[in-house]
Novice: 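Encoded as structure tokens, here's the structure I'll be asking about.
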2 protein chains.
Amino acid sequence: MNADASPKRPGGRSSHVRAAVHSAVVALVGERGADQVTLPAVAKRAGVNSSTLYRRWGTLAALLADVAKHRGDVGAPPLVGDLRTDLENQALWTLTELSRPGGIAFFRAEVAPDVDERHDGLRECLRRVSERFRPVLDAARERGDAPPSLEQVLDRIVAPLYFRVVFSIPGTDEAYVRDLVAELLGKLPLES
Amino acid sequence: MNADASPKRPGGRSSHVRAAVHSAVVALVGERGADQVTLPAVAKRAGVNSSTLYRRWGTLAALLADVAKHRGDVGAPPLVGDLRTDLENQALWTLTELSRPGGIAFFRAEVAPDVDERHDGLRECLRRVSERFRPVLDAARERGDAPPSLEQVLDRIVAPLYFRVVFSIPGTDEAYVRDLVAELLGKLPLES
DNA sequence: GTGCTAAAGCAGTGATCTCTGCTTTAGCGT
DNA sequence: ACGCTAAAGCAGAGATCACTGCTTTAGCAC
């Protein structure tokens with residue numbers, strides 16, 4: 001429920017348990033899909049008592065949301081200073097994250113939880129993807145370019161990626177990402 | 001599993017049970033979300049024994065897929081013969097269907113099931129939305145217009161709608177739909 | 001109407017999940 | 001080092017779920 005908003009004792013044990021639980025969740029979701037994952041299963045995998053999970057997270061949804069929230073953007077591509085390239089890189093990274101085992105499951109997890117939990121997870125998920133593109137647009141604007149709005153990026157790049165990954169539409173690859181960016185930036189394929 | 005591919009005895013009882021089960025599923029998914037729905041819960045709501053559900057559908061995923069498959073496109077807007085108007089109408093209809101209680105839950109349900117069941121539901125869902133737009137494009141092409149491809153419609157109209165409904169992004173309304181269509185058809189708002 | 005049998009109901013089993021009181025461990029302030 | 005207590009472990013109860021033999025109902029062919 002509260003997950004761990006205010007860990008009054010964030011010492012070794014708690015954080016160790018948390019780490020074990022988080023990696024167990026990632027492993028299980030990747031292996032079996034989010035549906036087959038239960039709190040006892042996670043507990044067993046993490047070598048932790050299930051009562052701990054019930055007390056700390058309360059529900060599977062909350063745990064998944066917590067995991068999704070805290071897995072950092074490690075490996076995110078750096079900005080190179082060119083709008084097109086940066087958009088392509090971030091979009092590609094988004095696609096990669098979404099496609100990797102469990103990626104869509106975590107997306108689902110954040111969409112899934114019951115109504116009260118739902119909005120938090122959704123906003124967090126949207127925030128994360130937004131924050132991935134905002135610096136790109138800001139940097140471009142500072143350079144004097146006239147980049148598309150964040151809304152446009154979401155509609156024209158992120159939304160199709162999510163849609164096509166969710167529906168397993170073939171051909172959702174790097175070339176497709178480049179096409180999306182090219183179309184958004186003005187229909188100039190400008191291929192190398 | 002097989003759902004009811006070949007009902008050898010499609011008489012009154014079976015179809016009655018099916019109808020009761022289907023409406024119970026719709027009701028429960030709409031009320032609680034697809035996660036909280038179980039076969040026994042559906043059985044209770046439908047006034048049917050749960051063993052029937054296990055035998056006829058086997059899993060919740062199969063049942064949800066069956067329900068999604070069989071709920072007709074009643075109320076779908078007719079084609080008027082104008083590309084822009086038809087695209088707007090179908091997109092608006094899609095948005096309406098998606099926004100109504102349980103709509104997104106069913107989308108989620110089809111995204112959710114475990115890997116083996118998953119593809120059927122997804123393909124069905126995608127097929128349904130595709131078939132909604134294909135006639136529009138075909139008709140336009142027959143009239144000599146040069147309509148966008150179905151892929152473009154999915155990327156530029158359907159995907160953003162799904163994305164924004166899933167993430168509860170405000171401002172996803174009729175005006176937004178018109179903007180999407182306008183942008184796709186050539187950036188001529190052409191507002192009345 | 002009668003018989004056949006597909007399909008629904010009944011009832012019970014084993015497994016799993018969810019949750020909770022109590023005990024034990026160990027982080028943190030002193 | 002010591003005490004306090006947050007947090008983890010243990011164990012078990014109750015509920016629910018997934019599933020299955022067996023019985024009963026009722027659709028369909030004759």
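Each chain gets a letter, A, B and so on, in the order the sequences are listed, and its residues count up from 1.
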Novice: What is the per-nucleotide protein-contact pattern of nucleotides 20-25 of chain C, from the 5' end, where B denotes a base atom under 4.0 Å from a protein heavy atom, S denotes such proximity for sugar-phosphate atoms only, and - denotes neither?
Specialist: BBB--B
Novice: Considering only C:dT18, C:dC17, D:dA18, which nucleotide approaches the side chain of A:Leu39 most closely?
Specialist: C:dT18
Novice: Is A:Ser14 close enough to D:dA7 that one of its side-chain N or O atoms is under 4.0 Å from OP1 or OP2 there?
Specialist: no
Novice: Taking side chain to side chain donor-acceptor pair (under 3.5 Å) as the definition, give me every residue that meets it alongside B:Glu174, ordered by chain and number, with sequence neighbours left out.
Specialist: B:Arg178
Novice: What is the distance from CG of B:Leu60 to P of D:dC17, rounded to the nearest Å?
Specialist: 11 Å
Novice: Report the distance from atom CG of A:Leu53 to atom C1' of D:dC10, rounded to the nearest whole Å.
Specialist: 14 Å
Novice: Please walk me through it: do B:Arg45 and B:Glu31 pass salt bridge (charged side-chain N to carboxylate O under 4.0 Å, His left out)?
Specialist: CA-CA 12 Å; B:Arg45 178 67 160 255; B:Glu31 286 172 17; 2.6 Å; yes
Novice: Can you check whether B:Thr52 has a side-chain N or O nearer than 4.0 Å to OP1 or OP2 of C:dG9?
Specialist: yes
Novice: The criterion is salt bridge (charged side-chain N to carboxylate O under 4.0 Å, His left out); which residues satisfy it with A:Asp82, sequence neighbours excluded?
Specialist: none
Novice: Using whole Å, what does the distance between atom C1' of nucleotide C:dT18 and atom CG of A:Leu63 come to?
Specialist: 15 Å
Novice: Mind checking what makes side chain to side chain donor-acceptor pair (under 3.5 Å) contact with A:Arg134, not counting sequence neighbours?
Specialist: A:Glu131
Novice: For B:Gln36 and D:dT16, give me the distance from atom CD to atom P, rounded to whole Å.
Specialist: 13 Å
Novice: Of all residues at least two apart in sequence or in a different chain, which pass the side chain to side chain donor-acceptor pair (under 3.5 Å) check with B:Thr172?
Specialist: B:Arg164
Novice: Quick one: is B:Arg56 getting a side-chain N or O under 4.0 Å of the C:dA7 phosphate, OP1 or OP2?
Specialist: no
Novice: Do any side-chain nitrogens or oxygens of B:Thr59 fall under 4.0 Å of OP1 or OP2 in D:dA18?
Specialist: no
Novice: Under the side chain to side chain donor-acceptor pair (under 3.5 Å) test, which residues partner B:Asn49, sequence neighbours left out?
Specialist: B:Ser51
